Amino acid sequence: MMYGLGKSLQDISNGNYLEECFYEREQGASFPKTGRMLLKKYNALIVTPATSNTTAKLAYGIADTLVTNAVAQAVKGNVPVFIVPVDIEGHIESRMPFFIDREICMKCEICPPVKQCPNNAITDQIDLLKCDGCSLCVKLCSYGAIRGGLAKLKVRDIDSRNVRILGELEGITILDNPGKIIDVISQCKN
């Protein structure tokens, strides 16, 4: 949700069986819906964005989240897996979630960001499960206490190594750019 894609996902998914969105918080410990990857109903599994944590777990065969378990099941079921890691190599620009800088916040009695947030995501902090990344709060805070957005980051060597390991695993293809997802989807339709 914090990437602002929740509504877009619901718009492209009609909610019928095998076409619905489901979330990790709604699953039990074994993530039973990931077993659907074995039904021979899917042309591909696309994981984007894949955090460094997810990439490391996948590189070393750990399947303890909804995403890592889905990848494991897809590979077992011969469903091609395409992964877009966030940290490949060098320096990257990443969209950081919004947060309130406590040293700048004036704790206004009437706080425009709190009052006007369309998702009621702001109280004394920003609830990232409710925030859709619209950035209205940044514009509304006259003290500049709400920050987020693009940041330049250095990719750690270990993260680059994990991406290389992951790319060598059977059934998994690394995409170095989210724009390549369109090509994957086009190929899967043929």
Side-chain angles (χ1 to χ4, degrees), residues 1-27 31 33-63 65-98 128-129 131-135 148-153 155-156 159-190:
M1 293 299 159
M2 71 184 193
Y3 293 102
L5 299 174
K7 180 162 178 9
S8 296
L9 287 173
Q10 289 173 344
D11 289 346
I12 62 173
S13 175
N14 66 24
N16 291 332
Y17 179 65
L18 299 179
E19 295 182 17
E20 75 270 31
C21 294
F22 49 90
Y23 303 94
E24 190 167 63
R25 66 181 175 265
E26 298 167 350
Q27 297 291 296
F31 310 105
K33 289 191 178 182
T34 62
R36 294 177 176 186
M37 292 293 151
L38 303 172
L39 297 176
K40 309 278 188 229
K41 299 277 186 187
Y42 298 100
N43 295 329
L45 172 64
I46 300 170
V47 178
T48 185
T51 64
S52 292
N53 189 44
T54 296
T55 300
K57 287 180 175 192
L58 291 170
Y60 292 95
I62 299 169
T65 67
L66 178 63
V67 172
T68 57
N69 205 309
V71 170
Q73 295 300 318
V75 170
K76 288 178 183 181
N78 291 317
V79 174
V81 176
F82 298 88
I83 299 178
V84 183
V86 295
D87 297 329
I88 295 179
E89 62 185 355
H91 289 82
I92 59 168
E93 280 194 352
S94 181
R95 185 162 300 281
M96 304 302 293
F98 292 100
L128 297 178
L129 294 177
C131 177
D132 69 2
C134 74
S135 78
L150 290 178
K152 189 167 185 164
L153 309 170
V155 175
R156 303 179 309 163
D159 296 326
S160 293
R161 187 171 35 243
N162 288 336
V163 170
R164 286 191 301 275
I165 291 168
L166 187 57
E168 294 170 1
L169 297 178
E170 182 181 353
I172 295 177
T173 301
I174 300 296
L175 302 176
D176 61 2
N177 181 318
K180 293 182 178 178
I181 294 170
I182 301 299
D183 297 333
V184 169
I185 292 170
S186 295
Q187 291 171 3
C188 288
K189 287 182 176 180
N190 297 335

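Just so it is clear, the model here is predicted, and its values are computed rather than measured. These numbers come from the heavy atoms of this one structure, side chains and all, not from hydrogens, waters or symmetry mates.
The shortest non-hydrogen separation linking Thr54 to Val67 is CG2-CG1, 3.9 Å. The two residues Val86 and Ser52 come nearest to each other via the heavy atoms CG2-N, 4.0 Å. Counting all heavy atoms, side chain and backbone alike, Phe98 lies closest to Gly148 at CD2-CA, 3.7 Å. Taking both residues in full, the closest heavy atoms of Thr34 and Ala70 are given as CG2-N, 3.6 Å, listed atom of the first, atom of the second, then distance. Listed here is the closest heavy atom pair of Ile174 and Gly167: CG1-CA, 3.6 Å. Taking both residues in full, the closest heavy atoms of Ala74 and Val81 are given as CB-CG2, 3.6 Å, listed atom of the first, atom of the second, then distance.
A distance of 7.5 Å separates CD1 in Ile83 from CG in Leu45, rounded to the nearest 0.5 Å. Note that the CD1 atom of Ile182 and the CG atom of Asn177 stand 11.0 Å from one another [nearest 0.5 Å]. In this structure, OG on Ser160 lies 8.0 Å from CG on Asp87, to the nearest 0.5 angstrom. Note that CG of Leu175 and CD1 of Ile46 are 7.5 Å apart. Values are rounded to the nearest 0.5 Å. Distance OH/Tyr42 to CD/Gln73: 12.0 Å, rounded to 0.5 Å. Here the CG-NZ distance, from Asn69 to Lys33, works out to 14.0 Å after rounding to the nearest 0.5 Å.
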Report the C-alpha distance between Val75 and Val79 in whole Å, list the side-chain angles of each, state the deciding distance to 0.1 Å, and finish with yes or no for side chain to side chain contact (heavy atoms under 4.5 Å, CB included). CA-CA 6 Å; Val75 170; Val79 174; over 6 Å; no
Side chain to side chain contact (heavy atoms under 4.5 Å, CB included), that's the test. Do Phe82 and Ile172 meet it? Break it down for me. CA-CA 6 Å; Phe82 298 88; Ile172 295 177; over 6 Å; no
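Counted by atom type alone, Thr68 and Thr65 present one or more donor-acceptor pairs between their side chains at under 3.5 Å. A donor and an acceptor atom, one from each side chain of Asn162 and Thr55, are nowhere located under 3.5 Å apart.
At a threshold of 4.5 Å between non-hydrogen side-chain atoms, the residues Ile181 and Val84 count as touching.
A salt bridge links Asp159 with Arg156: the distance from a Lys NZ or Arg NE/NH1/NH2 to an Asp or Glu carboxylate oxygen falls below 4.0 Å.
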